[in-house]
Every structure is written in structure tokens, then in C-alpha cells.
Amino acid sequence: MDKNMFCFQCEQTIGCSGCTGNSGVCGKTADTAKLQDELTGALIGLARAVDSTTAVSKKTSQVIIEGLFTTVTNVNFDNASIESMIQKVRAEKERLAPDCSKCQSPCGKTDEYDMQQLWNADEDTRSLKSLILFGIRGMAAYAYHAAVLGHEDDEVNLFFCEALFKIGYEENTETLLSTVLKVGEINLKCMALLDKANTETYGTPEPTEVTLTVEKGPFIVVTGHDLKDLQLLLEQTSGKGINIYTHGEMLPAHAYPFLKKFPHLKGNFGTAWQNQQKEFDHLPAPILYTTNCLMPPKNSYADRVFTTEVVAFPGTVHIDEKKDFTPVIEKALELGGYKEDQIRTGINGGTKVTTGFGHAAILSHADTVIKAVKSGDISHFFLVAGCDGAKPGRNYYTEFVKQTPSDSVILTLACGKFRFNDLDLGEIGGLPRLMDIGQCNDAYGAIQVAVALADAFECSVNELPLSFVLSWYEQKAVCILLTLLHLGIKNIRLGPSLPAFLSPNILNFLVENYGIGPITTPEEDIKALQSGCVQ
């Protein structure tokens with residue numbers, strides 16, 4: 001493939017086929033894309049050097065997970081940082097197989113995979129291997145957050161090696177397809193691990209109303225997903241007269257009891273990641289990026305962008321593993337914030353949003369929900385969830401939610417909810433019709449709710465009056481979709497466009513076996529999806 005670069009892992013890829021020029025739609029340059037390919041090839045080589053078939057050392061797992069996370073869309077745009085990660089992967093391989101490079105034996109342990117072999121493979125092989133690769137990249141983000149909180153799983157860690165090996169060396173279509181579905185199986189375990197890590201550390205999320213107003217005075221905006229970074233920043237800013245506001249996928253942090261106890265965690269600033277260049281323009285406050293969500297900053301606010309963990313951008317200040325947020329704090333005090341309170345709104349004009357309807361909160365009202373379904377007060381559940389993005393067509397999700405019947409319940413999660421989470425849709429039986437379950441990884445919670453309802457009605461999840469309407473952008477959405485397929489969930493609607501890495505044959509397999517299909521219009525899809533059969 002003779003191109004400056006090749007990348008088709010996100011939903012906004014050029015022409016729904018792939019970014020091949022000097023830079024990608026996300027702002028990633030061709031040089032950065034090639035380094036990320038080199039890093040992936042090095043990770044496949046490291047996976048080859050793992051001898052044990054039953055366990056992977058903690059150190060090796062950390063390197064693999066960090067390396068995979070580094071390649072997720074909108075995480076790392078800094079070539080020097082990626083080069084350093086490549087050297088870390090190579091050093092770990094050398095530690096596992098010392099002096100192996102001097103040997104001429106064809107064991108393959110020193111081989112780094114050339115990603116051009118994947119991009120130039122036949123379309124079905126490329127499609128299946130891409131599903132595996134993009135799926136484990138997304139899963140690595142969840143494993144990374146869990147590990148930060150001291151939670152790991154040997155089976156999850158070992159599977160990263162298995163999947164990387166299959167990407168590099170497996171050619172059998174049936175084996176690759178089986179591995180695709182196994183990504184979904186292991187990702188379910190990984191999301192459960194992160195759910196446990198979050199709740200054991202910060203408590204069980206509880207429904208919480210969050211203001212969108214920004215108070216006058218110094219403040220810091222925290223974006224991304226990492227609750228540990230937010231915790232540390234809250235602790236270091238305590239008593240300093242600096243308010244903290246979440247952004248994007250950090251919104252659900254307001255629902256955790258441990259984090260809610262900090263009085264200077266004030267509210268939520270802005271909407272989803274793709275709007276940050278407009279919302280952060282001339283912002284009189286610093287922004288801390290904790291995970292993927294980073295868009296190349298405009299000059300008007302580049303001097304107030306700070307990154308941490310695997311996030312990096314050339315020329316910005318990076319907070320290292322010591323987690324000393326002094327530079328961020330000093331910048332907040334220097335800028336001073338707004339002179340007067342700023343009454344801000346969501347996309348639809350609402351001045352507040354509610355989050356915290358995790359599986360524990362919803363299932364605590366299970367009797368009410370079940371009774372409402374049996375009495376006919378609730379006719380249908382719609383899970384409208386996933387990533388937001390800038391490509392035209394995503395207003396579909398706003399209109400879909402607005403047009404849902406007044407006797408239906410909308411469950412939502414991830415940043416796609418900012419299209420509609422400030423709407424007031426009323427209540428059914430004392431419960432709001434719109435319930436925000438949390439971050440993208442909290443798809444685990446949505447699954448737990450669905451399974452509990454299926455058990456209560458003694459039917460399968462597919463027989464519930466429950467429909468999945470998903471939006472996708474990056475690799476975490478991919479691994480969640482594979483988890484739903486692993487569970488046998490059918491008739492999922494996916495948009496705003498189907499992934500470019502799905503070949504016609506693989507797409508046809510998903511359509512025939514799972515009924516997966518593209519979104520059409522809100523009116524047509526609502527009508528088609530209202531076919532639950534709970535008796």
C-alpha cells in the first residue's frame with residue numbers, strides 16, 4: 001500500500017475508506033501514524049516473546065496495555081512519546097528473551113510485525129484482524145484504568161498476547177472470526193473488572209444532578225475518563241480557591257460518593273470532545289487531558305493544555321507519574337477564570353444534566369420497573385449510547401430520543417449522550433425517562449440491567465422490549481459492540497456510518513447472524529425496533 005499513511009480505525013475516516021494523506025481527520029500526521037504502526041508491530045513481537053501459556057507477568061502486561069492504549073484515536077500525537085513507548089516495548093522483549101536477536105534460529109521471537117502485511121492482506125483477513133486489533137486497543141483502555149486502581153485479571157492480560165499473536169500470524173478465517181468474538185467475551189470481563197475497581201474505590205454511583213453553570217473565579221477543566229487523576233487533582237486543589245469542572249466522559253464522576261465529598265467539584269463544562277476547539281477557545285482556565293479525547297488544540301488555548309498518563313501532544317506540558325499538578329494549579333490561578341458566573345447550557349438549552357443511573361441504582365428500583373412494564377406504563381426500553389463525533393448525521397440521535405414514545409425509557413452512556421442529555425423527558429412511575437448510566441465502559445452496567453430484566457421476565461435479552469441504537473467513533477465502541485455480539489444481542493442499529501474496516505463478506509456475516517444494520521431515520525427505526533415480546 002503505497003500511501004503516506006493508512007488509518008481507518010475511526011468513524012470519521014476520509015471517504016469512509018481510510019486516511020491516506022499527510023494527516024488524518026483526527027489531526028494525526030503521517031509520521032505519527034507510521035510510528036503507531038511500528039509500535040503495534042513491536043507489541044506483536046513482544047507477544048511472541050511471552051513463553052507462558054497460563055500467565056503474563058505484571059510488568060509485561062503493563063507494557064502491552066500501555067502500548068495498545070497509546071494507539072487509540074485522540075490519545076497521543078507526540079512522536080517523541082511514541083518512540084519512547086516503542087523502546088519500552090523492545091526493552092521488555094529483550095528482558096524476556098535476552099540476546100535473542102543474536103540467534104539465527106527461526107523461532108520468531110525477535111520478529112516485529114510489519115503492519116503493511118495487514119493493510120495489504122485480502123479484505124476479509126484485513127477486516128477480521130482489524131476487528132481484533134481495534135477491539136483490544138479499546139479494551140486496553142479499560143484494563144489500564146482498572147490497573148491504575150490496583151485491579152488486574154490474568155485471563156485478560158493473557159488474552160492481549162493471544163490476540164496480538166493472532167493478528168500477526170493467524171491466517172485461518174474461522175480462527176480469526178472466533179477470536180473476534182472472544183475479544184467481546186474478554187472485554188466483558190475487563191469491563192466488570194473496571195466496574196469493580198471504580199465502585200470499590202469511589203463507592204456505588206448514585207443519581208446526581210449536575211449544573212452546567214461555571215462560577216466566577218479560578219477553575220480547571222478535566223476531560224477524559226480517568227477517575228484517579230480527578231481524585232488526585234481534587235486533593236491537591238483542596239482549599240486553594242480553585243473549582244473543578246468535568247468535561248465529556250468525566251461527567252459521571254459526579255455520581256461517585258467519594259468524589260462528591262469534594263465541595264469544589266462544581267459541575268460540568270461543555271459537551272463532547274469534538275466541540276472542544278470551540279468551547280475551549282480563549283478559555284480562562286487550564287484543561288487537563290487524562291485519556292483519549294484530545295483534539296489538536298488551537299493557538300488560543302494551547303498554552304493551557306496539560307496532559308497526563310499516555311496522553312501527549314507536542315509542545316504541551318505533560319504531568320508525569322509523580323502526579324504533581326502544581327503547573328496546572330498555577331496556571332488556573334494565573335488565568336483567574338471568569339469575572340462573573342457563566343450560565344451555560346447543553347446542546348438543547350438545558351442548564352443541568354443528571355448522571356449516576358448505574359446498574360445498582362436502576363436495579364434498586366427493579367420492582368417498580370417490572371411492575372411498570374407489566375402494567376403497560378413502560379412499553380419499550382431504548383439504549384441510545386456510544387461515541388459522539390463531528391461528522392454530519394449525528395443529529396439523528398437527538399431526533400431519535402425526542403421522538404421516542406412518552407411511555408418508553410431511554411438508557412444512555414458514553415459521550416454520545418451530550419446530543420440529548422439536557423432534555424427533560426419527564427418521568428414514569430417516579431423514575432426519569434432518560435437515565436445516564438455513565439461512561440462508555442459502563443456498558444457493563446447496561447448489560448447487567450438487561451440480564452436482570454430478562455431473568456425477571458424469564459426470557460432472553462433479545463425477547464425483551466429493549467433495542468440498542470449505537471453511535472460509534474473509536475476503538476472502545478468497537479470492543480463494546482463485540483461484547484454485545486458475544487452475548488448474542490441481535491438487531492443492533494449502528495451509525496452514523498458503518499465501519500470502513502468491515503469487508504462486504506464480514507458485514508454480511510454480521511447481518512445474517514446478528515441482524516446488525518445501519519441507522520435510517522428516527523421515525524423508521526423507532527417503528528421497526530418496537531417489537532419486544534415480554535408477556
Distance, nearest 0.5 Å, that separates [atom1] of [X] from [atom2] of [Y]:
{"X": "Ile519", "Y": "Glu524", "atom1": "CD1", "atom2": "CD", "value": "11.5 Å"}
{"X": "Gln117", "Y": "Thr125", "atom1": "CD", "atom2": "OG1", "value": "12.0 Å"}
{"X": "Leu39", "Y": "Ser84", "atom1": "CG", "atom2": "OG", "value": "10.5 Å"}

Taking the side chain as every heavy atom from C-beta outward, state whether [X] and [Y] have any pair of such atoms under 4.5 Å apart.
{"X": "Glu249", "Y": "Cys440", "answer": "yes"}
{"X": "Asp229", "Y": "Val222", "answer": "no"}
{"X": "Leu227", "Y": "Thr201", "answer": "no"}
{"X": "Leu502", "Y": "Leu510", "answer": "yes"}
{"X": "Leu288", "Y": "Thr223", "answer": "no"}
{"X": "Gln276", "Y": "Tyr289", "answer": "yes"}
{"X": "Met5", "Y": "Thr32", "answer": "no"}
{"X": "Pro296", "Y": "Phe77", "answer": "yes"}

Among Val63, Leu46, Thr60, which one satisfies side chain to side chain contact (heavy atoms under 4.5 Å, CB included) with Arg95?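 It is Thr60; the other options fail the test.
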
So, using ring pair (Phe, Tyr, Trp, His ring centres under 6.0 Å) as the criterion, who are the partners of Tyr301 when residues are at least two apart?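 Result, ring pair (Phe, Tyr, Trp, His ring centres under 6.0 Å) vs Tyr301: Phe280.
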
Looking at Glu83, Gln62, Glu66, which hits side chain to side chain donor-acceptor pair (under 3.5 Å) with Lys88?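 Single side chain to side chain donor-acceptor pair (under 3.5 Å) partner of Lys88 among Glu83, Gln62, Glu66: Glu66.
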
Is there a donor-acceptor contact under 3.5 Å from the side chain of [X] to the main chain of [Y]?
{"X": "Ser23", "Y": "Lys28", "answer": "no"}
{"X": "Asp442", "Y": "Gln439", "answer": "yes"}
{"X": "Lys417", "Y": "Ala414", "answer": "yes"}
{"X": "Thr412", "Y": "Val384", "answer": "yes"}
{"X": "Lys34", "Y": "Asn4", "answer": "yes"}
{"X": "Tyr397", "Y": "Leu470", "answer": "yes"}
{"X": "Lys93", "Y": "Glu112", "answer": "no"}
{"X": "Ser130", "Y": "Arg126", "answer": "yes"}
{"X": "Ser503", "Y": "Ile506", "answer": "yes"}
{"X": "Thr316", "Y": "Ala312", "answer": "no"}

[X]: partners by salt bridge (Lys or Arg N to Asp or Glu O under 4.0 Å), with sequence neighbours left out:
{"X": "Arg137", "answer": "none"}
{"X": "Glu38", "answer": "Arg90"}
{"X": "Glu162", "answer": "Lys166, Lys182"}
{"X": "Asp281", "answer": "Lys298"}

Residue pairs, two or more places apart or on separate chains, that pass salt bridge (charged side-chain N to carboxylate O under 4.0 Å, His left out) and touch residues 478-487: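 The answer is none; no pair qualifies.
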
Listing request: all salt bridge (charged side-chain N to carboxylate O under 4.0 Å, His left out) pairs with a residue in residues 466-482, at least two apart in sequence or in separate chains.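 Applying salt bridge (charged side-chain N to carboxylate O under 4.0 Å, His left out) to every pair that reaches into residues 466-482, excluding sequence neighbours, yields nothing.
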
If the plane angle is over 60° it's perpendicular, under 30° parallel, otherwise tilted; pick one for Trp273 and Tyr473.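 If you compare the ring of Trp273 with that of Tyr473, the planes turn out tilted.
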
Please work out which of the three classes, parallel, tilted or perpendicular, describes the rings of Trp119 and Phe8, given edges at 30° and 60°.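 The rings of Phe8 and Trp119 stand perpendicular, inter-plane angle above 60°.
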
Check residues 140-151 and write down every donor-acceptor pair under 3.5 Å in which the side-chain atom is one partner and the other belongs to a residue at least two apart or another chain.
from, atom 1, to, atom 2, distance (Å)
Tyr144, OH, Glu309, OE1, 2.3
His145, ND1, Asp226, OD2, 3.2
His151, ND1, Leu149, O, 3.1
His151, NE2, Glu200, OE1, 3.1

With salt bridge (Lys or Arg N to Asp or Glu O under 4.0 Å) as the criterion, how do Lys189 and Asp153 come out once you've worked through the C-alpha distance, each side chain's angles and the decisive distance to 0.1 Å? CA-CA 8 Å; Lys189 296 178 184 294; Asp153 184 280; over 6 Å; no

side-chain contact (heavy atoms from CB on, under 4.5 Å) partners for Lys402, two or more places apart: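 With sequence neighbours excluded, Lys402 shows a side-chain contact (heavy atoms from CB on, under 4.5 Å) to Asn348, Thr398, Glu399, Leu423, given in chain and number order.
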
Among all residues two or more places apart in sequence or in another chain, which pass the side-chain contact (heavy atoms from CB on, under 4.5 Å) test with Glu512?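 Asn508.
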
Identify whether the distance between the nearest side-chain nitrogen and carboxylate oxygen of Asp111 and Arg48 falls below 4.0 Å.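 The answer is no: the pair does not qualify as a salt bridge.
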
Under 3.5 Å, is there a donor on one side chain and an acceptor on the other for Asn292 and Asn74?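 Short answer, no.
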
Pair His254-Thr355, side-chain donor/acceptor within less than 3.5 Å: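 There is no such pair between these side chains.
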
Tell me, which pairs form a ring-ring contact (aromatic ring centres under 6.0 Å, His included) where one or both residues lie in residues 24-44, sequence neighbours left out?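 Passing the test, one end in residues 24-44: no pairs.
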
Starting from the C-alpha separation in whole Å, work towards a yes-or-no answer on side-chain contact (heavy atoms from CB on, under 4.5 Å) for Cys415 and Met250. CA-CA 9 Å; Cys415 64; Met250 291 299 290; over 6 Å; no

Is the number of heavy atoms from other residues, nucleotides or ligands under 6.0 Å of Asp320 CG greater than 12?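 Correct, the count exceeds 12.
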
May I ask you to check whether over 12 heavy atoms, not counting those of Lys323, lie within 6.0 Å of atom NZ?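 Yes, the 6.0 Å shell around NZ holds more than 12 heavy atoms from other groups.
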
Could you go through Asn421 and Asp436, starting from their C-alpha distance and side-chain angles, then the distance that decides it, and tell me whether this counts as side-chain hydrogen bond (donor to acceptor under 3.5 Å, both in side chains)? CA-CA 8 Å; Asn421 68 337; Asp436 175 16; 5.3 Å; no

Applying side-chain hydrogen bond (donor to acceptor under 3.5 Å, both in side chains) to Asp78 and Ser81, what does each step give before you reach the verdict? CA-CA 5 Å; Asp78 185 64; Ser81 174; 4.5 Å; no

Would you please test Phe400 and Phe382 for ring pair (Phe, Tyr, Trp, His ring centres under 6.0 Å) and show each step? CA-CA 10 Å; Phe400 185 98; Phe382 295 97; 5.4 Å; yes

Pair Thr246-Asn268, side-chain hydrogen bond (donor to acceptor under 3.5 Å, both in side chains): steps then yes or no: CA-CA 5 Å; Thr246 56; Asn268 191 72; 2.7 Å; yes

Side-chain polar contacts of residues 485-500 - donor-acceptor pairs under 3.5 angstrom, sequence neighbours left out - could you list them?
from, atom 1, to, atom 2, distance (Å)
Arg493, NH1, Asn491, O, 3.4
Ser497, OG, Glu11, OE2, 2.8

Could you go through the side-chain hydrogen bond (donor to acceptor under 3.5 Å, both in side chains) check for Asp525 and Thr520 one step at a time? CA-CA 6 Å; Asp525 289 345; Thr520 58; 2.5 Å; yes

